[in-house]
> 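Mind having a look at this structure? Questions to follow.
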Amino acid sequence: MNIAATLQSDITPEGDDYTTVRRVIELITEDYRAQPGLEDIAGQLGQSPTQLQKTFTRWAGLSPKAFLQAVTLDHAKRLLRQEALPLLETSFEVGLSGPSRLHDLFVTHEAMSPGEWKARGAGLTIRYGLHPSPFGQALVMITDRGLAGLAFTDEPGGMDAFEDMSSRWPNAHYVEDSAATTPYAERIFDPKRWDPKEPLRVVLIGSDFQVRVWEALLRIPMGCAVTYSSIAEKLGQPTASRAVGAAVGRNPISFVVPCHRALGKSGALTGYHWGLTRKRAMLGWESGKA
DNA sequence: TGTCGTCGGTCAA
DNA sequence: TTGACCGACGACA
């Protein structure tokens with residue numbers, strides 16, 4: 001078995017686990033007033049509590065109880081209280097002093113020129129592939145300048161995600177090439193391989209305002225969260241929180257550009273392009289890794 | 001809950 | 001350039 005195949009098999013169980021995790025999140029959020037216990041949830045999924053325990057530990061390194069706690073409103077509010085620190089002004093280097101930062105995914109980024117953005121991807125070759133991830137199937141898109149897109153889907157063929165992404169750069173040339181995208185997928189979802197010495201290269205394709213918002217998101221450490229309005233403030237446009245929300249929503253490299261760490265002022269998750277359930281899952285997963 | 005003010009982004013003239 | 005339209009917001013009753 002070669003190295004790539006080994007890594008693939010490392011990732012796959014987590015990918016399968018996501019189906020279970022997703023159902024659990026759906027159950028507790030649909031019915032959170034009833035506060036279903038572990039036994040109830042396991043029963044509804046046709047699993048034993050022990051099985052469920054194993055699934056969670058494998059997926060997030062977290063017990064189901066800790067995970068359920070991590071997706072509550074209270075927890076979101078706690079994350080926001082940590083925001084009192086001037087997180088967004090913290091550079092990557094300075095941020096290294098915080099322990100959780102050491103586990104974060106390190107990224108170098110460049111933005112496309114406005115001309116390239118207006119051309120809607122003309123002259124650009126985008127290679128893509130569908131890969132298992134802890135949050136369902138992930139559609140990875142790369143250019144020769146680095147990672148350009150990351151989307152999620154629960155559909156077997158992932159066509160919904162592909163159409164969503166390709167409509168952003170309709171003039172680009174798309175080539176299915178999962179051999180090329182596999183190394184990216186393996187790295188992105190494996191915290192053990194997040195290495196400041198070898199930052200992940202990403203290319204941000206968007207309008208000027210969008211790119212500034214996405215850069216701000218990249219400065220939020222793992223396991224932390226900020227509000228839309230605080231991003232607007234940091235950008236020097238304190239009244240633009242609503243526009244920030246719209247720009248965050250257009251983030252083409254979800255998870256890597258951590259749009260799931262942006263919350264409403266009340267701690268409410270407010271929205272997520274790839275589904276609120278996935279946003280909860282990401283926050284829960286991160287709280288286990290941070 | 002609902003409503004309403006506000007401000008950028010986007011797209012079509 | 002302009003104007004219409006639309007939010008992953010936020011404040012308030």
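Here is the naming used below: chain letters follow the sequence lines, and residue numbers restart at 1 for every chain.
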> To the nearest angstrom, how far is R280(A) atom CZ from dA8(C) atom C1'?
13 Å

> Are any of S266(A)'s side-chain N or O atoms less than 4.0 Å away from OP1 or OP2 of dG10(C)?
no

> Please tell me which of the listed nucleotides, dC11(B), dA8(C), dG10(C), lies nearest to the side chain of K279(A)?
dA8(C)

> In whole Å, what is the span from the CZ atom of R212(A) to the P atom of dG8(B)?
10 Å

> For W214(A) and dA8(C), give me the distance from atom CH2 to atom C1', rounded to whole Å.
14 Å

> Let me know the distance between OH of Y228(A) and C1' of dT6(B), rounded to the nearest Å.
18 Å

> Could you state the atom-to-atom distance from CG of L283(A) to P of dA8(C) in whole Å?
18 Å

> Begin from the C-alpha positions of V244(A) and F209(A) and carry the test side-chain contact (heavy atoms from CB on, under 4.5 Å) through to its verdict.
CA-CA 9 Å; V244(A) 166; F209(A) 182 80; 4.2 Å; yes

> Return the minimal non-hydrogen interatomic distance between S229(A) and K265(A), and the atom names on each side.
OG-CE, 3.6 Å

> Only pairs with both distances under 3.5 Å count, Watson-Crick or wobble alike; so what is the partner of dA8(C) in this structure?
none

> Below the 4.0 Å mark, does dG10(C) have OP1 or OP2 next to a side-chain nitrogen or oxygen of S229(A)?
yes

> Calculate the interatomic distance between R242(A) atom CZ and dC7(B) atom P; express it in whole Å.
12 Å

> May I ask you to verify whether the side chain of Y272(A) and the base of dA8(C) hold a donor-acceptor pair under 3.5 Å?
no

> Quick check: on DNA chain B, is the nucleotide nearest T239(A) upstream (toward 5') of the one nearest Q210(A), or the reverse? Name the residue that is more 5'.
T239(A)

> Test R201(A) against L147(A) for side-chain contact (heavy atoms from CB on, under 4.5 Å), laying out the working first.
CA-CA 6 Å; R201(A) 285 177 59 211; L147(A) 181 70; over 6 Å; no

> Is the ring pair W285(A)/F255(A) parallel, tilted or perpendicular, if the boundaries are 30 and 60 degrees?
perpendicular

> Looking at K265(A), I'd like to know whether one of its side-chain N or O atoms comes within less than 4.0 Å of OP1 or OP2 on dA11(C).
yes

> Could you pick out which residue, A243(A) or R120(A), lies toward the 5' side of DNA chain B when each is mapped onto its nearest nucleotide?
A243(A)

> Grab the CE-P distance between M282(A) and dA8(C) for me, whole Å please.
17 Å

> Is the ring pair Y128(A)/F162(A) parallel, tilted or perpendicular, if the boundaries are 30 and 60 degrees?
tilted

> How long is the line joining CD1 of I231(A) and P of dG10(C), in whole Å?
10 Å

> Touch check for R168(A), heavy atoms < 4.0 angstrom, all strands: base, sugar-phosphate only, or nothing?
nothing

